[in-house]
S.K.: 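There's a structure below that I have some questions on.
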Amino acid sequence: MSHIADLEALEPGTLAIGWLEPEFSYTQGECVSAFAARLTVFARCWFKSIEALHGGVAMGKHTCGFCGKAHGSGTFGVPAGDTLYWCPELVAHYVAAHGYAPPPEFVAAVMACPLPGTPEYAAAVAPMVARQAVPSASADPAS
């Protein structure tokens, strides 16, 4: 896994959250237990998120660089209006085991977002799926 700064744009409307690596500092603090529990559910449902977002699965395995005790292989999205927060599965572990405190707007999004695998989640990510389906201006129409 690579480090990506929190709230860095991965593409228009998609922001990175929780792409931590030991050589980079990150915000630490106490998180509300309800948030940590809900984030854990999102992380466990990562495949349902990928399905709803029509994304691919890398099938690689990442080991926590801080403790070496946790492993993850998925990513998931948390929609909030026109924004999609994109996270590694290990983000829940980083919160629980390493004191990672994600940005407040992400915390609010997790608490408000329907869970992956529900019709409400599919409806919430539908604008993101539609945005991905639109060919970019730089795409070669002849191919």
Side-chain angles (χ1 to χ4, degrees), residues 1-139 143:
M1 193 168 88
S2 355
H3 173 266
I4 306 171
D6 278 347
L7 303 177
E8 182 176 320
L10 301 174
E11 57 186 53
T14 302
L15 304 177
I17 294 289
W19 296 87
L20 308 183
E21 288 294 336
E23 55 272 11
F24 298 92
S25 63
Y26 60 92
T27 305
Q28 293 184 295
E30 293 290 321
C31 284
V32 176
S33 61
F35 163 73
R38 189 161 176 86
L39 183 62
T40 298
V41 173
F42 270 88
R44 288 183 183 150
C45 295
W46 69 265
F47 190 77
K48 291 177 182 178
S49 172
I50 293 297
E51 284 182 321
L53 287 161
H54 301 242
V57 179
M59 299 305 293
K61 183 171 126 178
H62 177 73
T63 300
C64 175
F66 298 99
C67 67
K69 296 178 182 177
H71 309 282
S73 59
T75 56
F76 63 94
V78 178
D82 291 336
T83 299
L84 182 68
Y85 296 102
W86 195 250
C87 316
E89 177 185 5
L90 282 177
V91 69
H93 168 75
Y94 298 147
V95 167
H98 302 293
Y100 169 53
E105 56 266 51
F106 173 72
V107 173
V110 167
M111 298 307 291
C113 183
L115 292 174
T118 64
E120 295 81 8
Y121 181 86
V125 299
M128 289 78 180
V129 172
R131 186 168 62 211
Q132 291 172 359
V134 175
S136 70
S138 63
S143 47

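It should be emphasised that the depicted structure is a prediction, and the values quoted were computed from it without experimental measurement.
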S.K.: In the structure I gave you, are the side-chain heavy atoms of Y94 and C64 within less than 4.5 Å of one another anywhere?
M.R.: yes
S.K.: Are there over 12 heavy-atom neighbours, none belonging to E30, within less than 6.0 Å of that residue's CD?
M.R.: no
S.K.: How far does CD of E105 sit from CG of L7, to the nearest 0.5 angstrom?
M.R.: 5.0 Å
S.K.: According to side-chain contact (heavy atoms from CB on, under 4.5 Å), who are the partners of T14, at least two apart in sequence or on a separate chain?
M.R.: L10, E11, L84, W86, R131
S.K.: Provide the closest heavy-atom pair for S73 versus K61 in the form atom of the first, atom of the second, distance.
M.R.: CB-CA, 4.3 Å
S.K.: Quick one: list whatever passes side-chain contact (heavy atoms from CB on, under 4.5 Å) with A5, sequence neighbours left out.
M.R.: H3, E8
S.K.: Whether the side chain of T63 engages the backbone of G68 through a donor-acceptor N/O pair (distance < 3.5 Å, no angle test) should be reported.
M.R.: no
S.K.: So do V95 and P102 actually touch side chain to side chain, heavy atoms under 4.5 Å?
M.R.: yes
S.K.: Partners of H54 by side chain to side chain donor-acceptor pair (under 3.5 Å), sequence neighbours excluded?
M.R.: none
S.K.: For M128 versus P79, what's the shortest heavy-atom pair and its separation?
M.R.: CE-CB, 3.8 Å
S.K.: If you compare all heavy atoms of C67 against all heavy atoms of A70, which two are closest, and at what distance to 0.1 Å?
M.R.: SG-N, 4.3 Å
S.K.: W46 and V91: side-chain contact (heavy atoms from CB on, under 4.5 Å), yes or no, with the steps?
M.R.: CA-CA 11 Å; W46 69 265; V91 69; over 6 Å; no
S.K.: Do C87 and F106 make a side-chain contact, defined as non-hydrogen atoms from C-beta onward lying under 4.5 Å apart?
M.R.: yes
S.K.: Show me the side-chain donor-acceptor pairs of residues 36-45 shorter than 3.5 Å, one per line, residues at least two apart or across chains.
M.R.:
| unit_1 | atom_1 | unit_2 | atom_2 | d |
| --- | --- | --- | --- | --- |
| R38 | NE | V110 | O | 2.8 |
| R38 | NH2 | C113 | O | 2.3 |
| T40 | OG1 | A36 | O | 2.9 |

S.K.: Output all residues satisfying side-chain contact (heavy atoms from CB on, under 4.5 Å) with A108, sequence neighbours left out; order by chain, then residue number.
M.R.: none
S.K.: Mind checking whether P88 and W19 have side chains closer than 4.5 Å, heavy atoms only?
M.R.: yes
S.K.: For residues F66 and L90, determine if any side-chain heavy atom of one lies less than 4.5 Å from a side-chain heavy atom of the other.
M.R.: no
S.K.: Who are the side-chain contact (heavy atoms from CB on, under 4.5 Å) partners of Q28, not counting sequence neighbours?
M.R.: Y26
S.K.: What are the two closest non-hydrogen atoms of V78 and F76, and how far apart are they?
M.R.: CG2-CE1, 3.7 Å
S.K.: For P114 and Y121, work out which heavy atoms get closest and say how close.
M.R.: O-CD1, 3.2 Å
S.K.: How many angstroms lie between atom CG of L20 and atom OG1 of T27, to the nearest 0.5 angstrom?
M.R.: 9.5 Å
